[in-house]
Amino acid sequence: MLEENIILPQHIAIIMDGNGRWAKNRGLPRTEGHKKGVEVFRQICRYCADIGIQYVTFYAFSTENWKRSAQEVGTIMNLLRGFLEELEEREKENEIENTAIRFLGSREGMAPDIVQMMDLVEAQTANKTKIHINVAVNYGGRDEIVHAVRKLAAAGVSPAEITEQALSDALYTAKQPDPDLIIRPSGEYRLSNFLIWQAAYAEFYFDDILWPDYTPDDLDRAINAYAHRNRRFGGV
Ligand code: IPE
Ligand code: IPE
Ligand code: MG
């Protein structure tokens with residue numbers, strides 16, 4: 001349960017980790033963990049919209065995750081395809097309720113049909129305002145910073161014009177607030193190249209639940225803990 005009258009984080013970022021271990025614990029192939037993980041992702045998206053979170057970023061596939069077997073990568077890409085096709089279908093029926101969807105990450109190396117659907121969904125939902133869902137796919141924080149610097153260089157930006165604001169505005173998260181709360185379940189205590197620039201003053205919450213077991217109650221616990229933190233941003 002969420003505590004009453006607490007200040008909610010404006011932007012929550014979640015590292016959806018532990019799918020493989022969840023499947024292994026059940027004697028299932030890793031891919032089954034990813035399938036269950038997508039169901040949980042949908043449920044948590046809906047829950048965040050219900051409680052009034054404005055921005056939620058989910059880490060779905062990193063620039064390092066290409067190291068995995070072709071079969072596992074293929075399954076994850078097909079799950080992404082399924083999600084995009086469903087979004088298009090719902091957009092046609094006008095069922096996506098005021099949700100802006102953005103895909104953070106490099107489009108390079110992604111299948112052209114996926115890139116096309118990502119671009120379309122982003123364009124169709126860009127002006128929606130109730131909740132912003134970011135899905136980080138082929139995303140790496142270092143890759144994002146290099147991409148941003150190249151973008152500034154290509155635009156002929158002079159050294160004096162390279163400010164923190166200019167760099168922020170060239171990231172995949174341009175114009176969005178930095179995450180207030182970063183959650184990593186599954187018992188790992190690291191960022192794994194997630195939002196390394198944006199995380200400068202984020203609060204962190206770690207727990208041991210594997211992502212396919214994650215529930216709205218678990219999110220409530222993280223948000224309650226966040227509400228009791230004292231954020232100083234370098235002040236007193
Ligand atoms: C997270 O779960 C999903 C991706 C990284 C794509 P993992 O697949 O990393 O699951 P574990 O960490 O091996 O249990
Ligand atoms: C981070 O998880 C990436 C995603 C959850 C998408 P990993 O499972 O890839 O991270 P490491 O390898 O444990 O650091
Ligand atoms: Mg993992």
Side-chain angles (χ1 to χ4, degrees), residues 11-45 47-48 55-84 86 101-111 114-115 117-118 132-147 171-173 176 179 181-199 202-215 218-219 222:
H11 183 171
I12 298 178
I14 304 176
I15 301 174
M16 302 189 286
D17 196 17
N19 295 349
R21 279 163 284 169
W22 180 90
K24 189 165 179 246
N25 291 344
R26 283 167 177 70
L28 298 169
R30 293 179 58 83
T31 46
E32 289 303 310
H34 297 313
K35 285 181 197 159
K36 183 71 179 21
V38 174
E39 283 174 35
V40 172
F41 157 76
R42 287 169 208 267
Q43 187 193 16
I44 297 296
C45 277
Y47 182 66
C48 286
Y55 294 85
V56 191
T57 299
F58 293 91
Y59 202 5
F61 191 84
S62 75
T63 46
E64 287 75 35
N65 286 148
W66 297 104
K67 291 176 190 163
R68 298 181 180 201
S69 75
Q71 193 218 3
E72 182 170 347
V73 171
T75 298
I76 294 169
M77 291 303 153
N78 276 332
L79 288 167
L80 174 61
R81 226 176 236 114
F83 171 65
L84 285 160
E86 185 199 304
I101 298 170
R102 201 189 276 193
F103 295 92
L104 315 182
S106 172
R107 303 292 210 251
E108 254 166 71
M110 300 289 297
I114 290 184
V115 172
M117 286 191 280
M118 283 174 158
H132 297 75
I133 304 279
N134 296 326
V135 186
V137 178
N138 195 16
Y139 174 89
R142 290 185 174 179
D143 179 70
E144 179 182 38
I145 292 168
V146 169
H147 176 266
L171 298 174
Y172 298 125
T173 49
Q176 298 189 346
L181 171 61
I182 296 181
I183 299 171
R184 183 165 195 162
S186 93
E188 308 295 353
Y189 302 91
R190 54 180 173 263
L191 275 178
S192 302
N193 207 6
F194 188 44
L195 301 179
I196 53 177
W197 170 280
Q198 298 89 334
E203 295 294 328
F204 290 88
Y205 189 87
F206 297 97
D207 65 36
D208 290 339
I209 304 145
L210 302 173
W211 178 251
D213 288 326
Y214 207 81
T215 65
D218 298 317
L219 188 66

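Counting convention: from 1, in listed order, for ligands and their atoms alike.
No donor-acceptor distance shorter than 3.5 angstrom exists from the side chain of Trp22 to the backbone of Gly33, with no hydrogens or angles considered. Proximity of a side-chain donor or acceptor of Asn138 to a complementary backbone N or O of Glu108 within less than 3.5 Å is detected. The backbone N or O of Phe83 lies less than 3.5 Å from no partner atom in the side chain of Arg42, so there is not a single donor-acceptor pair.
Residues that satisfy the side-chain contact (heavy atoms from CB on, under 4.5 Å) test with Lys35, not counting sequence neighbours, are Glu32, Leu79. For Thr215, the side-chain contact (heavy atoms from CB on, under 4.5 Å) partners are Asp217, Asp218, not counting sequence neighbours.
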Could you pull out the N/O contacts under 3.5 angstrom between ligand 1 and the surrounding protein atoms?
| unit_1 | atom_1 | unit_2 | atom_2 | d |
| --- | --- | --- | --- | --- |
| ligand 1 | 2 (O) | Asp17 | OD1 | 3.4 |
| ligand 1 | 2 (O) | Gly18 | N | 3.3 |
| ligand 1 | 2 (O) | Asn19 | N | 3.2 |
| ligand 1 | 8 (O) | Arg30 | NH2 | 2.9 |
| ligand 1 | 8 (O) | Arg68 | NH1 | 2.7 |
| ligand 1 | 9 (O) | Asp17 | OD1 | 2.9 |
| ligand 1 | 9 (O) | Arg68 | NH2 | 2.9 |
| ligand 1 | 10 (O) | Gly18 | N | 3.4 |
| ligand 1 | 10 (O) | Asn19 | N | 3.1 |
| ligand 1 | 10 (O) | Gly20 | N | 2.9 |
| ligand 1 | 12 (O) | Asp17 | OD1 | 2.8 |
| ligand 1 | 12 (O) | Arg21 | NE | 3.4 |
| ligand 1 | 12 (O) | Arg21 | NH2 | 2.8 |
| ligand 1 | 13 (O) | Arg30 | NH1 | 3.2 |
| ligand 1 | 13 (O) | Arg30 | NH2 | 2.9 |
| ligand 1 | 14 (O) | Gly20 | N | 3.3 |
| ligand 1 | 14 (O) | Arg21 | N | 2.7 |
| ligand 1 | 14 (O) | Arg21 | NE | 2.7 |

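Atoms of ligand 2 lying under 4.0 Å from any heavy atom of Arg190, numbered from 1 in the order shown and given with element: 11 (P), 13 (O), 14 (O). Of all atoms in ligand 2, listed by their number and element, those nearer than 4.0 Å to a heavy atom of Arg184 are 1 (C), 2 (O), 7 (P), 10 (O), 11 (P), 13 (O).
Near-neighbour remark for the Mg ion (ligand 3): protein N, O or S atoms under 2.8 Å are Asp17 OD1; waters not counted.
The shortest non-hydrogen separation linking Pro185 to Ile209 is CB-O, 3.0 Å.
Under a cut-off of 6.0 angstrom, the local environment of CD in Glu64 is crowded, with over 12 non-hydrogen atoms contributed by other residues, nucleotides or ligands.
There is a side-chain donor-acceptor pair under 3.5 Å between Ser192 and Arg184.
Test Asp207, Asp213, Asp208, Asp17 against Ser186 for side-chain hydrogen bond (donor to acceptor under 3.5 Å, both in side chains) and you get one pass: Asp17.
Side-chain contact between Val135 and Phe41 is present, with at least one heavy-atom pair separated by less than 4.5 Å.
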